[in-house]
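Shown next, in C-alpha cells, is the structure this report addresses.
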Amino acid sequence: MNAIIKPQEDHFQRLSRLLDLEAGAEKLETLRELERHTPAEAEAQGNSLIHLVIREEDSGLGGRILLTFGKRNQNLSLPWNRMRTGSPVILSVEGNSGSEGWRGIVSRSGRDNIQVAFNQWPEAEESGTTFRLDRSTDEISRQRAHQAMDKAGGAKSSRLALLRDVLLGRQSPSFEKIEIHAALDQNLNESQNQAVAFALSANDIAIIHGPPGTGKTTTLVELMRQITRSGQSILAVAASNLAVDNMLERLIEAGEPAIRLGHPARVSPELREHTLDLLVEKHPDFKIARKLTRDAHALKDSSFKYTRAKPEPGAKQAIRQEARDMLREAREIEAGVIERVLNGARIVCATATGLDDEILNGRMFDWCIMDEASQSTEPGAWIPLQYANRLVLAGDHFQLPPTVISTEATQAGFDISLMERLLTEIGPQISRRLNIQYRMHTDIMNFSSDVFYGKSLLADETVRTALLADLPAVTDSPLTHSPVDFIDTAGASYDEELEPNGDSRFNLQEAELAVKKVRALLEHGLSPDMIAVISPYSAQVRLLRELLGESEVEIDSVDGFQGREKEAVIVSLVRSNREGEVGFLADTRRMNVALTRAKRKLIVIGDSATVTSHAFYQRMLEYFESIRAYHSVWED
C-alpha cells in the first residue's frame, strides 16, 4: 500500500508508521550486509568482530555490566572496524544460530580489545564459548520516540497538550513583551541579540535559524545564560553527541554549570567529568551501591562454578535471586544519588533520543532548547518535549536534512524535520534568522547566500577578505591568494566508477587530482590540520583515505563534516558520465554544506559537462565564472 495515502491516520499514527518503516529498512540493510558476507568477510568490511572471548569484567552506573573482549588467539590484535565508542552492537554466541544475542554499547575501543556495556549479563551455556560482535541499529531510540508520541497524543489538560496543539496547528503560538536585559556576551551582533530576545518572548515555540558560520551556538549559550539568570531550568538537546558536547563545552567556558546525560562512552573524554555517571560516582553513597553490585556479581558467578558436592535443589536459583536482590538495592541507592545530583542542575544536556525516563523520573524543565533541530526526524523531537514547558528550535533547514534510508518513508515526508514543518505550516513569524557569518571569505559565502538565504548573509569584517596567504608561514601564490577555485575535468576522461559489491561511486583521476592539491597546499606552508577533503560519496572518501595514507589531513563525507570548518577545503563531486546523471548531488542542501566548510580557500573539482545538467550546478558554475574562479583541468 502506498505510504503516502493514509487519510484515516492522525499525525502521530502516521509518524509512528513511518518510524517503523525506517526501522524495518535499517534492519533489512543490516541483515543483507550480514547475509551477503561470510563472518570473515563481514569482519573484513568492518561491520563485525569474530572469535572473541571475554578478557575482563567490571560494573558501571545503573547496574551496567562492562565486558572487555579480545581475540581468542591472544597474539592477534583486533582488525580495523566501524565500531566506535558509543556504537550500538549485538553480541552473539558463535555457532548458535538460534541465539538472539544481547544489545550493548561500545564503551571503549583499543588496538587489542573492545569494551561493551550491557544492561543484562550475557550468559553462555558452556565454558570456552567464543563470541561475535556486530554493528546494530538503535532500537532504544525508536521505542522512546513511540512512547513520547503516545504520551503527546493522549495528553489532556496539561502543558504538553497545549504545546502539542500549537505544534500541530490547532492553536496559534503566542508571544509577550518582555524586558530586555543587557547581553551577558558583549560580542553578540544585532541579529543574535534580536534572536535571543525573540526566543525569550515565546510562550510556546520559537525558532532560531542559523545559516553556516553565523554563531548559532553562541546565540544559544547567551539564551541559556539569560534563562538561568531568571532562575529557570533548561533541557538542552541536539540530534548528535558532537553537538551536545559542543553546547556543553561552550556553557562551561561561560561559567554555566551543566550536567551531561547519556552513556559516558558517547561523550568527549575531556567532558566526561561533567557527566551524570561520574558526578554520581563521586558521591559517598555511591560507594555503597558499587560494593553491593560487585558482591552481587561475585555471588552470581559462584552459582555457575562447578563443585564436587551436588548442591541442594534450588540452591543455585536462591543464590542468583539473592544477587538480583542486591542489585535492586544498589539501583535504589543510585536512584537517590541521581535525584540529588540533578536537583542541583539548572542546565541538563543530552541527545534528544538519549533521554532516559527512569533517570529523569518525571522531572520537568521550564525550557527545552534543541540544537540541530533540522537534522532530527520529527518522532525524535517529541522525546524531549514531554519534559519541558517551552520549546526553542535552532538549526538550518537549508543544510542536511534527517538521514532516512527508507524510500517509502522518504516519499511520505519522514525526512521533514519538526523545524522545517513548522516553518512551512506556520511561517517565518515564529523564527528569527542570524545574518552575520564569522567563518568564510565573502566569495566563498556569496553563492550560498544568494541561492539559499535570499542574499541576506553578511561576512564579518574579520573574515570578509581573509586568504590563506595572510596566515603565518604560508607562501603567497595564486593558490593561496585566491579564495575559490573550480577545476573543471570535462573532456579529460575522468570517468566515475561504481564500487564493486556496493552502490557508492568513486572517481580515481579526480581523487588523484584532489591529492595533488592537498600536497600543493602543504608545500605552501599549510599544516595538515588546516586542510580537509570531502565528498558526497563514501566510496570516494575511502579511496582518498587510501591515497593519502597516514596523512593527518581530514577526509570525510559531507554528512560527516557538517558543523565543521577548515582553513582550506577540497570538494570532490565525483560524477562524470555521458548521460549527465548527478544522482546523489541532486540533494542541493548537501552541497550547501560542502560549499560552506572552508574559511579561506575552497577548491571544487568536478565535470561541468555532467553536473550542469542540473540547474543548481549550472548556476554554481556561472557564479564561479563571475568571480574568476573557473579553471580547466588542462591548465594543470
Using a strict threshold of under 4.0 Å (side-chain N to carboxylate O), is an ion pair present between Glu554 and Lys566? yes
Closest non-hydrogen atom pair, Ile227 against Ile369: CD1-CD1, 4.0 Å
Distance-only polar pair, side chains of Asp460 and Thr462, donor-acceptor under 3.5 Å: yes
Answer whether the closest heavy-atom distance between the side chains of Val451 and Met620 falls below 4.5 Å. no
ring-ring contact (aromatic ring centres under 6.0 Å, His included) pairs touching residues 544-576, sequence neighbours excluded, are none
Taken in chain and number order and not counting sequence neighbours, the residues that satisfy ring pair (Phe, Tyr, Trp, His ring centres under 6.0 Å) with Phe486 are Phe624
What are the two closest heavy atoms between Thr480 and Thr475, and how far apart are they? OG1-O, 2.7 Å
Could you go through the side-chain contact (heavy atoms from CB on, under 4.5 Å) check for Asn435 and Thr214 one step at a time? CA-CA 6 Å; Asn435 63 10; Thr214 53; over 6 Å; no
Check whether any side-chain heavy atom of Ile347 lies under 4.5 Å from a side-chain heavy atom of Pro257, and answer yes or no. no
Chi angles and distances behind the side-chain contact (heavy atoms from CB on, under 4.5 Å) call for Val89, Ile105: CA-CA 6 Å; Val89 292; Ile105 299 291; over 6 Å; no
Here the gap from Ile487 atom CD1 to Glu510 atom CD, rounded to the nearest 0.5 Å, amounts to 9.5 Å
Under 4.5 Å between any side-chain heavy atoms of Leu49 and Pro79, yes or no? yes
Salt bridge (charged side-chain N to carboxylate O under 4.0 Å, His left out) against Glu256, all qualifying residues, sequence neighbours excluded: Arg225, Arg229
Does a donor on one side chain sit under 3.5 Å from an acceptor on the other, for Thr351 and Asn241? no
Excluding sequence neighbours, so at least two apart, what forms salt bridge (charged side-chain N to carboxylate O under 4.0 Å, His left out) with Asp556? Arg545
dist Ile207:CD1 -> Leu423:CG (nearest 0.5 Å) comes out at 4.0 Å
Other residues, nucleotides and ligands only: do more than 12 of their heavy atoms fall within 6.0 Å of CD on Glu635? yes
Test of understanding: with ring pair (Phe, Tyr, Trp, His ring centres under 6.0 Å), list the residues that count as partners of Phe198, not counting sequence neighbours. Phe175
Quick one, Thr218 with Arg250, criterion side-chain hydrogen bond (donor to acceptor under 3.5 Å, both in side chains). Give me CA distance, side-chain angles, the key distance, then yes/no. CA-CA 8 Å; Thr218 299; Arg250 299 287 293 278; 2.4 Å; yes
d(Leu400 CG, Met591 CE) to nearest 0.5 Å is 10.0 Å
Is Gln192 close to Glu222 at the side-chain level, that is, under 4.5 Å between some pair of heavy atoms? no
Could you work out, with ring pair (Phe, Tyr, Trp, His ring centres under 6.0 Å) as the rule, every residue matching Phe398, not counting sequence neighbours? His209, Tyr453
Flag side-chain contact, heavy atom, 4.5 Å: Val196 against Thr219: yes
Check ring pair (Phe, Tyr, Trp, His ring centres under 6.0 Å) between Tyr537 and all other residues, then give those that pass, not counting sequence neighbours. Phe584
Would you say Leu479 and His524 make side-chain contact, with heavy atoms under 4.5 Å? yes
All heavy atoms of Ser376 vs all of Ser417, minimum pair found to be O-CB, 3.3 Å
Tell me, do Asp607 and Val611 make a side-chain contact under 4.5 Å, heavy atoms counted? no
Heavy-atom distance under 4.5 Å between the side chains of Ser535 and Val571, does that happen here? no
With Glu565, which residues qualify under salt bridge (charged side-chain N to carboxylate O under 4.0 Å, His left out), at least two apart? Arg439, Lys599
Measuring from atom CD1 of Ile405 to atom CG of Asp415, what distance do you get when rounded to the nearest 0.5 angstrom? 13.0 Å
Worked verdict on Gln540 versus Ser572 for side-chain hydrogen bond (donor to acceptor under 3.5 Å, both in side chains): CA-CA 8 Å; Gln540 187 76 342; Ser572 173; 3.0 Å; yes
Going by distance alone, is a donor N or O of one side chain under 3.5 Å from an acceptor N or O of the other, for Glu496 and Asn507? no
All pairs passing ring-ring contact (aromatic ring centres under 6.0 Å, His included) where residues 461-483 contributes a residue, at least two apart: none
To check you understand the geometry: which heavy-atom pair defines the closest contact between Val582 and Ser613, and what is its length? CG1-OG, 3.9 Å
Taking only residues two or more places apart in sequence, or in another chain, which ones meet Asp245 in a side-chain contact (heavy atoms from CB on, under 4.5 Å)? Arg260, Val267, Ser268, Leu271
Atom CZ of Arg619 and atom CG of Asp450: how far apart are they, to the nearest 0.5 Å? 6.5 Å
With a 3.5 Å cut-off and no angle check, do the side chains of Gln399 and Asp396 form a donor-acceptor pair? yes
Residues in salt bridge (charged side-chain N to carboxylate O under 4.0 Å, His left out) with Arg628, at least two apart? none
Please determine whether a side-chain nitrogen of the Lys or Arg among Glu378 and Arg421 lies less than 4.0 Å from a carboxylate oxygen of the Asp or Glu. yes
Let me see the working for Ser527 and Asp529 under side-chain hydrogen bond (donor to acceptor under 3.5 Å, both in side chains), right down to the final yes or no. CA-CA 6 Å; Ser527 58; Asp529 62 357; 2.5 Å; yes
So which heavy atom on Val518 is nearest to which on Ile570, and how close? CG2-CD1, 3.6 Å
Go through it in stages, so that I can follow the logic: the residues are Thr442 and Thr465, the test is side-chain contact (heavy atoms from CB on, under 4.5 Å), and I'd like the CA-CA distance, side-chain angles, deciding distance and then a yes or no. CA-CA 7 Å; Thr442 302; Thr465 60; 5.7 Å; no
Main-chain N/O of Ala539 paired with Ser504 side-chain donor or acceptor, under 3.5 Å: yes
Could you tell me whether the side chain of Arg600 and the main chain of Leu467 form a donor-acceptor pair under 3.5 Å? yes
If you compare all heavy atoms of Thr489 against all heavy atoms of Val633, which two are closest, and at what distance to 0.1 Å? CA-CG1, 3.9 Å
Return the CG to CG distance between Asn193 and Asn189, rounded to the nearest 0.5 Å. 7.0 Å
For residues 407-448, which residue pairs pass the ring-ring contact (aromatic ring centres under 6.0 Å, His included) check, not counting sequence neighbours? Phe447-Phe616, Phe447-Tyr623
Evaluation steps, side-chain contact (heavy atoms from CB on, under 4.5 Å), between Glu499 and Arg505: CA-CA 6 Å; Glu499 187 179 36; Arg505 296 176 186 273; over 6 Å; no
Pair Ser557-Asp559, side-chain hydrogen bond (donor to acceptor under 3.5 Å, both in side chains): steps then yes or no: CA-CA 5 Å; Ser557 64; Asp559 299 50; 4.8 Å; no
